[in-house]
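Structure first, then comments.
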Amino acid sequence: MRYTPSEIEPRWSERWAAQADLYGADPQSSGKPKYYVLEMLPYPSGQLHMGHVRNYSIGDALARFMWMRGHNVLHPMGWDAFGLPAENAALKNNTPPREWTLKNIAAMKRQMQRLGLAYDWRNEVTTCLPEYYRWNQWFFVRMFERGLAYRKKSKVNWCPECATVLANEQVIDGRCWRHEDTLVEQRDLEQWFLRITNYAQELLDGLEKLNGWPEKVRTMQRNWIGRSEGAEVEFAVASVADQDPPPETARERLEERIEDALEKFRAGRKVLAATEDVELTGDKVAVFTTRIDTIYGATSVQLAPEHPLVKKFAANNRKLAGDVAALLDQQKQAREAGDVGAIEKHGVFTGHYAVNPFNNERLPIWVANYILLDYGTGAIMSVPAHDERDYEFAKKYGLEIRIVVLPRRADAIHSEEDHDSLLPYTTEDSLLINSGQFNTLSNEEAQRRMAQFAEEDGFGKATVTYRLKDWGISRQRYWGTPIPMLYCEKDGIVAVPDEQLPVLLPENIAITQQGGSPLGRLPDFVNATCPKCGGPARRETDTMDTFVDSSWYFYRYTSARNDKAPFDSATAGYWFPIDQYIGGVEHAILHLIYSRFWTKVMRDMGLIKNDEPAERLFTQGMVIKNGAKMSKSKGNVVSPDDMIERYGADATRAYALFAAPPDRDLDWQEDGVAGVSRFLGRVYRFAMRHAKGANGATEATATSQALQRKLHQTIRKITEDFGGRWHFNTSIAAIMELVNELTAAESAIAAGEVPDAVLAATLRDLVLLLAPFAPYLAAELWEQIGGEGDLLRAPWPKFDEALAREDEVEIPVQVNGKLRSVLRVPAGAGESVLREAALADEKVRASTAGKTVVKVILVPGKLVNLVVK
RNA sequence: GCGAAAGUGGCGGAAUUGGCAGACGCACCAGACUUAGGAUCUGGCGGGGAAACCCGUGGGGGUUCAAGUCCCCCCUUUCGCACCA
């Protein structure tokens, strides 16, 4: 009667695979409450890893539990099948990407089936197939029509290793998200963008309502969207009068004069006054600030090296051009190294001035290497007294530092020196000084009034800026969704008409590592006809970022074979939002922000009604080994196949749930898997011994009552775990306790102390409790004990409060907080019973002898504490 | 630097609400059994001590009859963010 998962499991696996509708959802008319449980779809690398196993074990346990609780469950699976590895593999093995990918999918599907995961494969979604990606194209055209997809030349992140562009979200510390060692370069390219920034505010606001999402993920998204409230203020540019591009000698003279002004400025630290013969040029420079209230303290304006105004200034000034180039280089290097925060601040005076519209002061315009063109307006006003960076910069270059707010708690400030030692102070709990008509206002009040003032006078306004940028989706790669756009000489950019979709990805193509999109080298693909004028057109050769694929795949599951639309709205309306989404925290930003965006766009298109894709999100911890993330380079990768072969799928899955709470990192210990396997063996043998054996006992005894009590306590615990904390490690531990108690009662059972009915009911419930965690063993035993129908649809056991109740409890007795004895009293014993029992207890009396009991703490059901002196 | 989470036996972890610290499992030790197995069963297993008992949840302080749990300070680890104006 050995437990042999290697025989039991494949037998069931085959039976399940033969029933396509086994894990299918019921029709909407079933009247059952719907439950959509979803695990993130894998990239088909060809091999499941332990992270997948953990992810799917959690989801599968939940799905099975919900089925047994009588829900209508949708539990699908698919493949995130486009992406660069397929091209790399093609290069290496000379296999077409499609072939390689489909082969991997088949292999991984086998692994999933071997794991006994309860997916409805009839809804399988494979993103690299035209039946799927045609809808990516369809969505793209819809977004183009709505102005949400646009093309622009911009500075983009370029990974030399991938030979393609990356989205901001795919750059981590200046490196490619797929190539930890590869620095991302900045390049200028024409790219397609999706206007996710249109939804920045809604994406931010929506986070407040996502109470079923981990706070950590919400915070990460909040930071990523990076809203900041402030104001834009326009400064007029004033320059040394000499506007015409001067001949060489004149230019040198101008440079001298600028040097001269700079000299004076340095000597006197009073540039604001050293403005001699400057006059307005008609140019304007807008700065973005979150602290308009400190604008009277501005003593310079700082521009990003790439600011258009800088180009203009530098055109007349070779020295400046050289200096700016150096600054730009520093910034670029810092950016590429990913430590912009650590950059040493450098700057250069341009010789030009900006007029502060609030007080008409002329502030020197500098170029600084820490100002970023792509945030705000690429220009700032520098207020050294109240900003740490500005302070550092002003100290370094001797710029004036002017205090314009006085902290409310200013008691300690008695002199200028005191002030200096406190600088810079950035508090917003202060009052304005040295600020003209705004003096004595609070910061908050001043911010409002000054923005209003600027708006009324037409030189500024309150604004909101976001760190979030539009989503660049063009990729110069082959293995992705072709962007369905055409370039016609006459009609410009034209979308491919719906009836011509999908734009098929050509199959026969030589994958090489040379730059540019591989599709660009296929004349048959590139040369097309303009649908408007019928003339020749050039086809877009870039493909879409694969995150497009995963932004809406879960809608497709609800009607995966639909060839009229991306999905059926009514069906999606029934299933959405996803009740529980489960995956790794590494997708907290990328996938989870894109798919929220996509959902909002689809809602605005009228395809769906929900605002958010998923009601609840669970992010599981990583699977590690010997304290480190599993990786080939560390040689600590544990193969799921290997585990299944040695211990079975049940033991592997149950261990993945047992070894740690699901949200924490899990240290994979093979001995632990063996332990779980031993436990399953004990269950198997116990059940087999009693599956059919009735010995005619009918009389309830203390033992049978104790068994029933334990059983119902276990049912209660596990049912609560599913509804609450998801600490499946303790759920499984509870089943182990139950089984320990059952096997310990073996001799009592043999002695007829446990009625047949109790034993049979216990066995049945034990099998049901096991079903979400060890489905193979549960199915096998279910059959052995004569369970009817499929286990998955058998109702989850109900716990009986009366049977679960203890009738006698142990109450610890402390003397001065130290444990001295344990009382056995009837459950529900009142205070007087406890007091008497405690005082009468021998051990207690021994330790209180010769002392007076000052106080007795009685907590019925918990403990007794005697305070003695 | 900012923010979050965590720190409990040799190891993974338990102790939702302040109430017997170490459930359950691994490893280890002792024993039983034997068709000698990657088997099964029984018992032991935080530290000190012969015992009574004492000590023990990263460190230090505090609140409380009672603290792993609450409060204050500090240390360590992991994760996120980081010139964002």
Side-chain angles (χ1 to χ4, degrees), chain A residues 1-3 173 214-217 219-220 222-224 226-228 230 287-291 302 304 331 334 338-345 368-372 374-383 387-390 392-393 465-467 585-586 588-589 621-622 627 646-647 655 658-661 663-679 681-682 685 720-721 724-725 727 729-737 739-740 743-744 746 810-822 846-847 854-859 861-868:
Chain A
M1 218 168 43
R2 272 187 73 182
Y3 169 56
D173 291 339
E215 192 48 52
K216 180 188 164 85
V217 173
T219 305
M220 283 168 74
R222 226 172 264 133
N223 291 339
W224 187 262
R227 177 192 156 102
S228 66
V287 305
F288 174 72
T289 176
T290 54
R291 292 300 303 275
Q302 316 257 333
Q331 185 176 93
D339 58 352
V340 184
I343 193 173
E344 160 100 33
K345 292 182 178 53
N369 62 353
Y370 68 99
I371 307 298
L372 308 171
D374 58 5
Y375 186 80
T377 58
I380 64 153
M381 63 176 199
S382 177
V383 185
D387 182 283
E388 276 169 38
R389 293 154 302 172
D390 295 349
E392 189 189 330
F393 193 85
T465 334
Y466 299 91
R467 208 184 78 114
V585 75
E586 65 273 15
I589 295 180
M622 269 192 309
R646 287 155 118 162
Y647 306 103
Y655 175 75
F658 175 67
D663 53 338
R664 291 247 290 263
D665 284 353
L666 182 161
D667 195 81
W668 195 269
Q669 296 187 354
E670 196 174 324
D671 286 332
V673 189
V676 171
S677 171
R678 272 197 291 275
F679 157 69
R682 274 201 306 280
R685 289 187 298 274
E720 284 172 1
D721 278 343
R725 293 194 307 167
H727 278 200
N729 53 330
T730 62
S731 308
I732 293 172
I735 302 178
M736 289 173 170
E737 284 187 55
V739 172
N740 287 347
T743 49
E746 201 65 83
E810 292 192 336
I811 301 291
V813 184
Q814 299 177 338
V815 176
N816 285 347
K818 304 232 183 245
L819 181 70
R820 284 295 178 258
S821 183
V822 176
S847 55
V854 186
K855 198 173 174 187
V856 182
I857 313 283
L858 293 157
V859 187
K862 292 279 189 190
L863 66 38
V864 178
N865 189 9
L866 306 175
V867 186
V868 301

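Proteins come first, then strands; the chains are lettered A, B, ... in the order of their sequence lines, and each starts at number 1.
Residue A/Glu720 is classed as a base contact, given a heavy-atom separation below 4.0 Å to a base. Within 4.0 Å of A/Gln814, counting heavy atoms only, lies at least one base atom of the nucleic acid. Counting non-hydrogen atoms under 4.0 angstrom, A/Glu810 reaches a base of the nucleic acid. Using a 4.0 Å heavy-atom distance criterion, A/Ile371 is classed as a base contact. Residue contacts for A/Asp390: at a heavy-atom cut-off of 4.0 Å it reaches no nucleic acid atom on any strand shown. If you check every strand for non-hydrogen atoms under 4.0 Å, A/Gly376 touches nothing. Using a 4.0 Å heavy-atom cutoff across all strands shown, A/Phe679 reaches no nucleic acid atom at all. Within 4.0 Å of A/Arg646, counting heavy atoms only, lies at least one base atom of the nucleic acid. Heavy atoms of A/Thr219 sit nowhere under 4.0 angstrom from any nucleic acid atom.
Side-chain atoms of A/Tyr647 never come within 3.5 Å of backbone atoms of A/Gly675 as a donor-acceptor pair (strictly under, hydrogens ignored). When atom types are taken as modelled, the side chain of A/Asp665 and the backbone of A/Met622 share a donor-acceptor pair closer than 3.5 angstrom. Of the possible donor and acceptor atoms, one in the side chain of A/Thr743 sits under 3.5 Å from a partner among the backbone N and O of A/Val739. Here the side chain of A/Thr377 pairs a donor or acceptor atom with the backbone of A/Phe288 at under 3.5 angstrom.
Taking every side-chain heavy atom of A/Arg820 into account, B/C54 is the closest of B/A14, B/C54, B/U40. Among the nucleotides B/G80, B/C11, B/G19, the one closest to any side-chain atom of A/Met220 is B/G80. Minimum atom distance to the side chain of A/Phe288 is reached by B/A85, of the listed B/C11, B/C54, B/A85. The A/Asp671 side chain lies nearest to B/A27 when the options are B/C81, B/A27, B/A85. Taking the side chain of A/Pro661 as heavy atoms from C-beta on, and the options B/A23, B/A14, B/G19, the nearest nucleotide is B/A14. Of all nucleotides listed (B/C24, B/C65, B/G38), B/C24 comes nearest to the side chain of A/Met736. Residue A/Arg678 has its side chain nearest to B/A27 when only B/C24, B/C65, B/A27 are considered. The side chain of A/Val859 approaches B/G19 more closely than any other nucleotide in the set B/G19, B/A15, B/G12. Listed nucleotides: B/G38, B/C41, B/C20. Nearest to the side chain of A/Val822: B/C20. Between B/C41, B/A85, B/U17, one nucleotide has an atom nearer to the side chain of A/Lys862 than all others, and that is B/U17.
Taking only side-chain nitrogens and oxygens, A/Arg227 never comes nearer than 4.0 Å to OP1 or OP2 of B/C84. Between B/A14 and A/Arg664, a contact under 4.0 Å exists linking OP1 or OP2 to a side-chain N or O. Between A/Arg389 and B/C84, a side-chain N or O to OP1/OP2 separation shorter than 4.0 Å is present. Taking side-chain N and O atoms only, A/Arg467 has a distance below 4.0 Å to OP1 or OP2 of B/A82. OP1 and OP2 of B/G13 both lie 4.0 Å or more from every side-chain N or O belonging to A/Thr730. Residue A/Lys818 has no polar side-chain atom (N or O) positioned under 4.0 Å from OP1 or OP2 of B/A52.
Side chains of A/Ile380 and A/Tyr370 form a contact here, defined as non-hydrogen atoms less than 4.5 Å apart. Under the 4.5 Å side-chain criterion, counting only non-hydrogen atoms from C-beta, A/Asn223 is not in contact with A/Met220. Between A/Gln302 and A/Val287, every side-chain heavy-atom pair lies at or beyond the 4.5 Å cut-off. Using a 4.5 Å heavy-atom cutoff, the side chains of A/Asn369 and A/Glu344 are not in contact.
Using N1 to N3 plus N6-O4 or O6-N4 for Watson-Crick, or N1-O2 and O6-N3 for G-U wobble, each under 3.5 Å, B/A30 pairs with B/U42. Applying the Watson-Crick and G-U wobble criteria (two distances, each under 3.5 Å), B/C53 pairs with B/G48. With a cut-off of 3.5 Å on both Watson-Crick or G-U wobble distances, the partner of B/G7 is given as B/C75. Under the Watson-Crick and G-U wobble criteria, each requiring two contacts below 3.5 Å, nucleotide B/C24 is paired to B/G12. A 3.5 Å limit on both hydrogen-bonding distances identifies B/C81 as the Watson-Crick or G-U partner of B/G1. When both distances must be under 3.5 Å, the Watson-Crick or G-U wobble mate of B/A66 does not exist.
Between the C1' atoms of B/U69 and B/A6, the separation comes to 15 Å (whole Å). B/A23 and B/C11 are spaced 15 Å apart, taking the P atom of each and rounding to whole Å. Between the P atoms of B/U78 and B/A85, the separation comes to 29 Å (whole Å). A gap of 9 Å separates the C1' atoms of B/U57 and B/G7, to the nearest Å. Nucleotides B/G3 and B/G59 place their C1' atoms 24 Å apart, quoted to the nearest Å. Between B/G19 and B/A32, the distance separating the two C1' atoms is 41 Å to the nearest Å. B/A67 and B/A21 are spaced 11 Å apart, taking the C1' atom of each and rounding to whole Å. To the nearest whole angstrom, the two C1' atoms, one in B/G25 and one in B/C45, are 14 Å apart.
Atom-to-atom, CG of A/Asn740 to C1' of B/U42 comes out at 13 Å; the value is rounded to the nearest Å.
With its glycosidic angle more than 90° from 0, B/G80 is assigned anti.
Looking at residues two or more places apart in sequence or on another chain, you find no side chain to side chain donor-acceptor pair (under 3.5 Å) involving A/Tyr3.
In the interface, the side chain of A/Asn865 is paired with the base of B/C65 through a donor and an acceptor atom under 3.5 Å apart.
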Please write out each protein N/O paired with an N/O of nucleotides 56-58 of chain B under 3.5 Å, distance rounded to 0.1 Å.
none

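At least one cation-pi condition fails for A/Lys345 and A/Phe393: the charged atom is not both under 6.0 angstrom from the six-membered ring centre and inside a 45 degree cone around its axis.
Nearest approach of A/Gly817 to A/Gln814, heavy atoms of both residues: CA-OE1, 3.6 Å.
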